[in-house]
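Some notes on the structure that comes next.
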Number of protein chains: 2
Amino acid sequence: MQKEQNLSKNQKIIFDLIDKSGGPMKAYSILFNVQKKGIKAPLQVYRALDKLVEIGKIHKIESRNAFIACQNSSCQVSKATAFSICESCENVSEISNLKLSKYLSNFSDNSGMKYNKYNLEFFGLCKKCKSK
Amino acid sequence: MQKEQNLSKNQKIIFDLIDKSGGPMKAYSILFNVQKKGIKAPLQVYRALDKLVEIGKIHKIESRNAFIACQNSSCQVSKATAFSICESCENVSEISNLKLSKYLSNFSDNSGMKYNKYNLEFFGLCKKCKSK
DNA sequence: TTATAAATGTTATATTATTACATAACGTTA
DNA sequence: TAACGTTATGTAATAATATAACATTTATAA
Ligand SMILES: [Zn+2]
Ligand SMILES: [Zn+2]
Ligand SMILES: [Zn+2]
Ligand SMILES: [Zn+2]
């Protein structure tokens, strides 16, 4: 949370909303929720989201076109992200597993490619949904 | 390629196009390319894509909203996918690394969640783009 | 055959994201 | 402070991606 004071007005409004929601939010749902605060256009939302992603305050859940607050304090830049997604209730949480992140950050193959970023999304059923 | 004969007409047209392209293709670019073959509406494309993804003939590159033919013959169902993406030239290739796929397929944590599917996207610079 | 599922065709619409252009606020340093 | 470059904002229009709803046809198989 150390960077919060650096956020601009719109960035702060939008980050606070996502953070408080506790889960992933979609851009137009964010827009709807911040209209009372004067943010009226999609572009204002997307610009703030872009910046927040860039500095690692939020991450994009690519398979859901949604944005979630970083739940991992060590994750200042979004270079190594992993999520678990329940395909039933759509609950999403960020995985912070040191072994996993080390394994993936050090991954290399014979393609000659230098990897400097990854995003991993696991899918399944959460505890609750499994027991239904 | 053993399932190709099972594909319907539209599915086959669209799979062949993606497969021949050798890289990821976007839905509306596919649509444009198959209009001469009588596929005129987005929904016709998306339905074929959905089916092809379901049976593992193609995969969706989530971060790019694009679809690529499976380059891994063992990958009949899209339950464990990994890609490398060049952020400069947008070249994409499917990673088939047994160690990686075993590691991820067996991954579990203390969340109580049962993972039955994952998608991993690595980003970086390919050989060509690195040397520029 | 008959019924069941799978695929297709068509129109309209919903959702997600960007372009283009103008203005304002902020931070740095001369 | 003044001037400059950078970052953020405001606004309108539009592009790109994806789905809903409904009618019809084709394939599969009991
Ligand atoms: Zn994070
Ligand atoms: Zn669940
Ligand atoms: Zn594959
Ligand atoms: Zn490249």
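Order of the sequence lines fixes the chain letters, A, B, ..., with proteins taken first and strands second; residue numbering starts at 1 for each chain.
An OP1 or OP2 oxygen of D:dT9 is reached within less than 4.0 angstrom by a side-chain nitrogen or oxygen of A:S8. Contact between the side-chain N/O atoms of A:N10 and the OP1/OP2 oxygens of D:dG10 is found at a separation under 4.0 Å. An OP1 or OP2 oxygen of D:dA16 is reached within less than 4.0 angstrom by no side-chain nitrogen or oxygen of B:N65. An OP1 or OP2 oxygen of C:dA7 is reached within less than 4.0 angstrom by a side-chain nitrogen or oxygen of B:K51. Between C:dT10 and B:K40, a contact under 4.0 Å exists linking OP1 or OP2 to a side-chain N or O. Neither OP1 nor OP2 of D:dA27 sits under 4.0 Å from any side-chain N or O of B:N6. Between B:K9 and the phosphate of C:dT8, there is no side-chain N or O to OP1/OP2 separation shorter than 4.0 Å.
In the set C:dT16, C:dT8, D:dT9, the nucleotide with an atom closest to the side chain of A:K26 is C:dT16. For B:P42, the side-chain atoms get nearest to D:dA18 when compared with the rest of D:dT11, D:dA18, C:dT8. Checking C:dT16, C:dT8, D:dA18 against every side-chain atom of A:Y46, the shortest atom distance belongs to C:dT16.
In this structure, the side chain of B:E54 does not engage the main chain of B:K51 through any donor-acceptor pair within 3.5 Å.
Taking atom NZ of residue B:K37 and atom P of nucleotide C:dT8, one finds them 14 Å apart after rounding to whole Å. Protein atom NZ of B:K12 is 18 Å distant from nucleotide atom C1' of D:dA27, rounded to whole Å. A straight line from CD1 of B:I14 to C1' of D:dA18 spans 14 Å, rounded to a whole angstrom. Atom pair B:R47:CZ and C:dA6:P shows a separation of 14 Å (rounding to whole Å applied). When the P atom of D:dA23 is taken as reference, atom CG of B:L43 falls 15 Å away, rounded to whole Å. Put simply, CD1 on B:I55 is 9 Å from P on C:dA7, counting in whole angstrom units. Rounded to an integer number of Å, the gap from A:R64 CZ to C:dT15 P is 17 Å. The distance between atom CD1 of B:I39 and atom C1' of C:dG9, rounded to the nearest whole Å, is 11 Å.
No side-chain heavy atom of B:N119 sits less than 4.5 Å from a side-chain heavy atom of A:L120. Side-chain contact between B:P42 and B:Y28 is present, with at least one heavy-atom pair separated by less than 4.5 Å.
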List the steps, then state whether side chain to side chain donor-acceptor pair (under 3.5 Å) holds for A:S111 with A:D109.
CA-CA 6 Å; A:S111 68; A:D109 56 14; 2.7 Å; yes
Assess whether ring pair (Phe, Tyr, Trp, His ring centres under 6.0 Å) is satisfied between A:F122 and B:F107, documenting all intermediate values.
CA-CA 9 Å; A:F122 279 109; B:F107 179 80; 5.1 Å; yes
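The pair B:E87-A:K117 counts as a salt bridge, with a side-chain nitrogen and a carboxylate oxygen less than 4.0 angstrom apart.
Mapping A:Q44 and B:F67 onto DNA chain D via the closest heavy atom, the residue that lands nearer the 5' end is A:Q44. The residue among B:G38 and A:S29 whose nearest nucleotide of DNA chain C lies closer to the 5′ end is B:G38.
For A:Y28 and C:dA17, a side-chain-to-base donor-acceptor distance below 3.5 Å is present, hydrogens and geometry of angles not being considered.
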